[in-house]
Structures are given as C-alpha cells and as structure tokens.
Amino acid sequence: MADIDARSVARFVEDTAHAAMPHRLYTLIFPMDRPNGKVLLGMKKRGFGQGKLNGFGGKVEPSESVEQGAIRELAEESGLRATRVENCGLLLFYFEDNPVAMEVHVFMAHEYSGKPAETEEMRPEWFDIDNMPFSQMWADDKCWWPLARNGRSFVGRFWFKADQVTITRQALTPVDSLDFARNARNIS
Ligand SMILES: Nc1ncnc2c1[nH]c(=O)n2[C@H]1C[C@H](O)[C@@H](COP(=O)(O)OP(=O)(O)OP(=O)(O)O)O1
C-alpha cells in the first residue's frame, strides 16, 4: 500500500514543487456515530462525482479555514451542524486531463446537532463503518478508509485517468500529525 515514507509525503506537500503547482483546496467530512458503528454518507445528486456515495464537502472559500469550510459544507449538504471535528487526512488527487490538482482535507465530525436531511446536492444515508459501499464510492476510498475508521491520520496521493475511475499510481501512508498541512491555500 504505502510506497513512500510519511516524511517524504509531508515534504511533498511543503516543498516548492507542490507549492508552485496549481491546486485547489477542498474538504471532505464524515459524520460518525461510533456507538452504533455508523457513518453518514451522501449520494451526490449533481456535479463532480455525481452518482457516487461520499462524505460531505466541497471547495474552500478564500475567507475561511479548511475546518470552517468543512463545517459549512456539512451544514449546506446534510443539515447537520458539527460542534466537534477532527482533521484526519490529506488527499492529493491528480487527473491526467487536468493540470490543477485537488487538495482534499478530510475530517471526522464526532459531535453534531440536527437531523440529516436531503438537499439539492446530497441524499444522506447511514452506513456500517465496517461494511462500506465501496463499489459506489470513489476508487481511492477503500484504500484510506481503514486508516480513518481506526482513528489514524493519513496522507495519500492518487493519480486518476480522465475516466475518474482508474487509478494509475498511488501513495498512501499513516502520519503522526497533519500540522504540516495547516497552511493550506489555493494556488492558481
Ligand atoms: N477521489 C475522491 N475521493 C474522495 N473524495 C473525493 C474525491 N474526489 C473528490 O472531489 N472528492 C470530494 C472532495 C469534495 O468533498 C467533493 C467535490 O467537491 P464539489 O462538490 O465539486 O465542490 P462544491 O463546492 O460543493 O461544488 P459546487 O457547489 O460548485 O457544485 O468530492
């Protein structure tokens, strides 16, 4: 699974090559119900990733932190208001037909209020954390979900073909801390 060590992944995110590379910031947040072993996913009804089950999230606005963006997107897409979140992963996606990389900051929501409600963008549904519907999710999710599910922080890089299904190369590693990702910003 992991083909490079944690420091080299961290260095990649920090180094000048990545810093100079066009990339856009996104969030991805998973409301967890640990006592019942459940996670809330949403069926994406429109736009990028339509027809896939995923966590909630989207583009980070210039005026907000990635954490604020994750909480906002969760509220907009599911109706839940997160009150305790944890940054658990960083995913970098490259597509062969797009020069702009996606830098996705992954969160777990451990405490939240409200009831999940269908929105224009997402249809929420609870799933068993040990029986995830990977065949309906992005192809990378089955690689890193076991780390997230077990409370490990991780950094992953995935190179996709234009079909948005086929992964041609990947690197995934657990990390002790995601502090190095705190200064994330959009590069255009
Ligand atoms: N490969 C993969 N695995 C897991 N999750 C994702 C991917 N690729 C992705 O894009 N994602 C996630 C990251 C984000 O949470 C969404 C994509 O955000 P998007 O819906 O395009 O952003 P919004 O800001 O909500 O979009 P609009 O409102 O402009 O439609 O998927």
Side-chain angles (χ1 to χ4, degrees), residues 1 9 13 22-32 39-80 82 85-109 112 116-125 127 129 132-149 153-173 178 181 184-186 188:
M1 183 172 71
V9 176
V13 176
H23 57 264
R24 180 138 205 191
L25 300 186
Y26 291 80
T27 58
L28 181 60
I29 182 164
F30 294 89
M32 301 294 288
V39 58
L40 189 71
L41 301 179
M43 169 57 70
K44 186 92 185 276
K45 292 162 62 178
R46 65 166 196 214
F48 191 66
Q50 182 176 0
K52 287 183 168 58
L53 286 164
N54 202 357
F56 303 84
K59 299 172 194 73
V60 178
E61 303 287 346
S63 59
E64 65 188 5
S65 67
V66 287
E67 182 173 309
Q68 288 167 339
I71 292 169
R72 175 186 54 74
E73 288 279 352
L74 179 63
E76 286 175 5
E77 295 183 353
S78 78
L80 293 184
V85 303
E86 176 193 16
N87 186 198
C88 64
L90 175 63
L91 296 168
L92 306 175
F93 297 118
Y94 309 94
F95 293 89
E96 64 182 9
D97 60 342
N98 190 343
V100 182
M102 296 180 72
E103 181 174 316
V104 180
H105 295 256
V106 187
F107 291 81
M108 299 276 182
Y112 38 83
E118 183 168 348
T119 62
E120 275 185 17
E121 195 162 344
M122 289 288 216
R123 189 165 55 250
E125 187 179 343
F127 288 87
I129 59 174
M132 296 287 277
F134 290 125
S135 64
Q136 297 178 74
M137 300 175 75
W138 283 94
D140 54 282
D141 294 11
K142 60 179 171 299
C143 305
W144 51 263
W145 177 254
L147 292 170
R149 182 245 173 274
S153 297
F154 57 91
V155 176
R157 298 167 66 193
F158 295 87
W159 286 258
F160 277 88
K161 283 197 165 186
D163 64 9
Q164 299 178 7
V165 173
T166 312
I167 295 173
T168 55
R169 199 178 141 206
Q170 70 184 71
L172 174 67
T173 186
L178 288 164
R185 61 197 173 96
N186 286 310
S188 52

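What you see is a predicted model, and the numbers here were worked out from it, not measured in a lab. Atoms within a ligand are numbered from 1 in the order they appear, just like the ligands themselves.
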Does the salt bridge (charged side-chain N to carboxylate O under 4.0 Å, His left out) test come out yes or no for Glu120 and Arg46, once each step is laid out?
CA-CA 8 Å; Glu120 275 185 17; Arg46 65 166 196 214; 3.3 Å; yes
Please lay out, stage by stage, how Glu118 and Lys45 fare under the test salt bridge (charged side-chain N to carboxylate O under 4.0 Å, His left out).
CA-CA 10 Å; Glu118 183 168 348; Lys45 292 162 62 178; 2.8 Å; yes
Is there a side-chain contact (heavy atoms from CB on, under 4.5 Å) between Arg72 and Glu64? Walk through the geometry before answering.
CA-CA 10 Å; Arg72 175 186 54 74; Glu64 65 188 5; 2.7 Å; yes
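Annotation: the span from Leu92 atom CG to His23 atom NE2 amounts to 8.5 Å, rounded to 0.5 Å. To the nearest 0.5 Å, the span separating CZ on Phe160 from CD on Gln170 amounts to 9.0 Å.
Contact residues of ligand 1 (protein heavy atom closer than 4.0 angstrom to a ligand atom; sorted by chain and number): Tyr26, Thr27, Leu28, Lys44, Phe48, Asn54, Gly57, Gly58, Lys59, Glu73, Glu77, Phe93, Met102, Glu121, Trp138, Asp140, Asp141, Phe160.
Not a single donor-acceptor pair under 3.5 Å links the side chain of Glu86 to the backbone N or O of Met108.
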